[in-house]
Amino acid sequence: MNVKDFYFDLPQELIAQDPLEDRSASRLLVLDKNTGELEHKHFKDVLSYLNRGDCLVINDTKVIPARLFGVKEGTEAKIEILLLKRRENDIWETLVKPGKKAKVGTVISFGDGLLKGTVIDIAEEGNRLIQFSYEGIFEEILDRLGQMPLPPYITHQLQDKNRYQTVYAKHEGSAAAPTAGLHFTKELLEEIEGMGVSIARVTLHVGLGTFRPVKVEEIENHHMHSEFYVVEEEEAKKVNDAKKQGGRIICVGTTSCRTVESASTEDGILKAGTGWTEIFIYPGYRFKVLDSLITNFHLPESTLVMLVSALAGRDAVLRAYNEAVQEKYRFFSFGDAMLITDLKETGK
């Protein structure tokens with residue numbers, strides 16, 4: 001399957017630069033995964049597509065302010081780093097710009113020396129392993145010095161850090177937000193639970209590998225970076241009980257989807273535990289747990305467009321995306337949402 005099969009034309013002005021004042025006021029494009037039928041709604045209408053006994057799966061990871069700006073000791077050259085993956089002994093795998101200024105042994109100072117990082121090794125694809133030294137609590141220093149790692153297509157400054165967090169964000173560790181969850185308010189989640197829909201919380205710390213462009217022509221040759229996930233016993237039970245009783249599993253975002261699909265058995269039983277996943281879902285994949293998906297609109301030729309195409313079919317997804325462009329939906333992280341489901345099962 002060729003990467004160009006997943007291309008669509010997106011006008012620059014449709015890329016959302018700022019979050020809406022009301023998280024749940026975004027638009028919702030509903031796509032029937034079997035027929036390709038489309039419905040244009042608002043996000044709050046998601047309630048009418050849920051049934052008592054269903055289970056909504058959310059990713060409660062929390063984005064860390066992972067972008068740091070510092071200077072190279074000795075030359076005062078400006079260096080930007082992005083924290084990607086925590087290792088042991090205050091060592092992080094990082095993305096450094098410009099990389100040529102960060103040779104092994106380089107010391108970078110942040111916040112007038114409040115935090116210092118020494119490049120100790122060069123990992124795959126030129127990522128740097130940096131060991132940090134500081135006094136106090138690393139997370140508090142990071143909160144003071146770091147910025148939210150917004151995607152490069154967002155050029156506006158984020159006024160409120162919390163708008164790049166879901167309202168249920170809990171466990172710190174992500175380099176990017178699970179953006180489908182940004183549409184939910186606490187009130188909307190309470191309404192959903194009040195309908196008799198259970199909410200299962202899983203954790204997958206989103207790495208930049210999820211957004212890494214596919215650089216190979218044949219997508220089967222693309223390799224995903226690994227991401228760490230956690231599924232607690234109680235949350236796995238919610239999913240398995242719903243499935244057993246005939247309810248649907250509706251994942252909020254591709255990260256929740258990738259978590260449950262990685263942590264389940266071949267016959268669709270979700271297992272509690274922790275692990276690293278490199279799962280790459282593209283057309284031809286057979287879903288073991290997920291029935292429906294709430295997601296944002298994704299980049300052309302991205303692994304995320306491939307994932308939604310595995311659920312609803314490439315042609316139907318691209319038709320839906322083209323209609324979203326015509327109807328001027330807002331795209332990407334702060335944009336509008338999409339629900340991919342079986343309309344018959346929602347009573348629609």
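Only a predicted model underlies this, so the values are computations on that prediction, with no experimental measurement involved. Position 1 is the first residue of the sequence; numbering continues from there.
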Counting N and O atoms only, with roles assigned by atom type, does the side chain of [X] sit under 3.5 Å from a partner on the main chain of [Y], one being a donor and the other an acceptor?
X      : Y      : value
Gln165 : Val63  : yes
Gln17  : Thr155 : yes
Glu261 : Leu290 : yes
Tyr321 : His298 : yes
Lys243 : Ile249 : no
Lys288 : Glu266 : no
Arg330 : Phe334 : yes
Asn322 : Arg319 : no
Asp160 : Asn162 : yes
Glu220 : Met1   : yes

Which heavy atom of [X] sits nearest a heavy atom of [Y], and at what distance?
X      : Y      : value
Arg314 : Asp5   : NH1-O, 2.8 Å
Asn127 : Glu93  : ND2-OE2, 2.9 Å
Lys41  : Tyr49  : CE-OH, 3.2 Å
Glu172 : Glu139 : OE1-CG, 3.5 Å
Thr255 : Pro178 : OG1-CB, 3.6 Å
Ser109 : Glu73  : CB-OE2, 4.0 Å

Minimum side-chain heavy-atom gap [X]-[Y] below 4.5 Å:
X      : Y      : value
Val252 : Ile250 : no
Leu68  : Leu115 : yes
Ile141 : Phe132 : no
Leu311 : Phe287 : yes
Arg144 : Leu114 : yes
Arg163 : Asp18  : no
Thr166 : Asp60  : no
Asp342 : Asp32  : yes

Before accepting this row, confirm whether a basic side-chain N of the pair [X]/[Y] lies closer than 4.0 Å to the acidic partner's carboxylate O.
X      : Y      : answer
Lys238 : Glu235 : yes
Asp291 : Lys33  : no
Arg87  : Asp121 : no

Any link between [X] and [Y] through a network of hydrophobic side chains (Ile, Leu, Val, Met, Phe, Trp, Tyr) touching at under 4.5 Å?
X      : Y      : result
Tyr134 : Val71  : no
Phe228 : Leu204 : no
Leu150 : Ile64  : no
Trp92  : Phe110 : yes
Leu82  : Leu129 : no

Give a yes or no on this: more than 12 heavy atoms of other residues, nucleotides or ligands lie within 6.0 Å of atom [atom1] of [X].
X      : atom1 : value
Lys97  : NZ    : no
Glu13  : CD    : yes
Gln12  : CD    : no
Glu232 : CD    : no
Asn221 : CG    : yes

Have [X] and [Y] got a donor and an acceptor in their side chains that come within less than 3.5 Å?
X      : Y      : value
Thr106 : Arg128 : no
Asn59  : Thr61  : no
Tyr153 : Ser333 : yes

Exercise for the section: Fit a plane to each ring of Phe8 and Phe331, take the angle between them on a 0 to 90° scale, and name the class: parallel (under 30°), tilted (30 to 60°) or perpendicular (over 60°). Expected result: tilted
Calculate, to the nearest 0.5 Å, the distance between atoms [atom1] and [atom2] belonging to [X] and [Y] respectively.
X      : Y      : atom1 : atom2 : result
Glu227 : Leu84  : CD    : CG    : 11.0 Å
Met148 : Leu158 : CE    : CG    : 7.5 Å
Phe332 : Leu10  : CZ    : CG    : 5.0 Å
Ile279 : Ser226 : CD1   : OG    : 13.5 Å
Lys186 : Arg23  : NZ    : CZ    : 9.5 Å
Glu345 : Arg248 : CD    : CZ    : 6.0 Å

Problem - Arg27 vs Glu323, salt bridge (Lys or Arg N to Asp or Glu O under 4.0 Å): CA-CA, chis, key distance, verdict - result: CA-CA 13 Å; Arg27 295 164 79 187; Glu323 181 150 341; over 6 Å; no
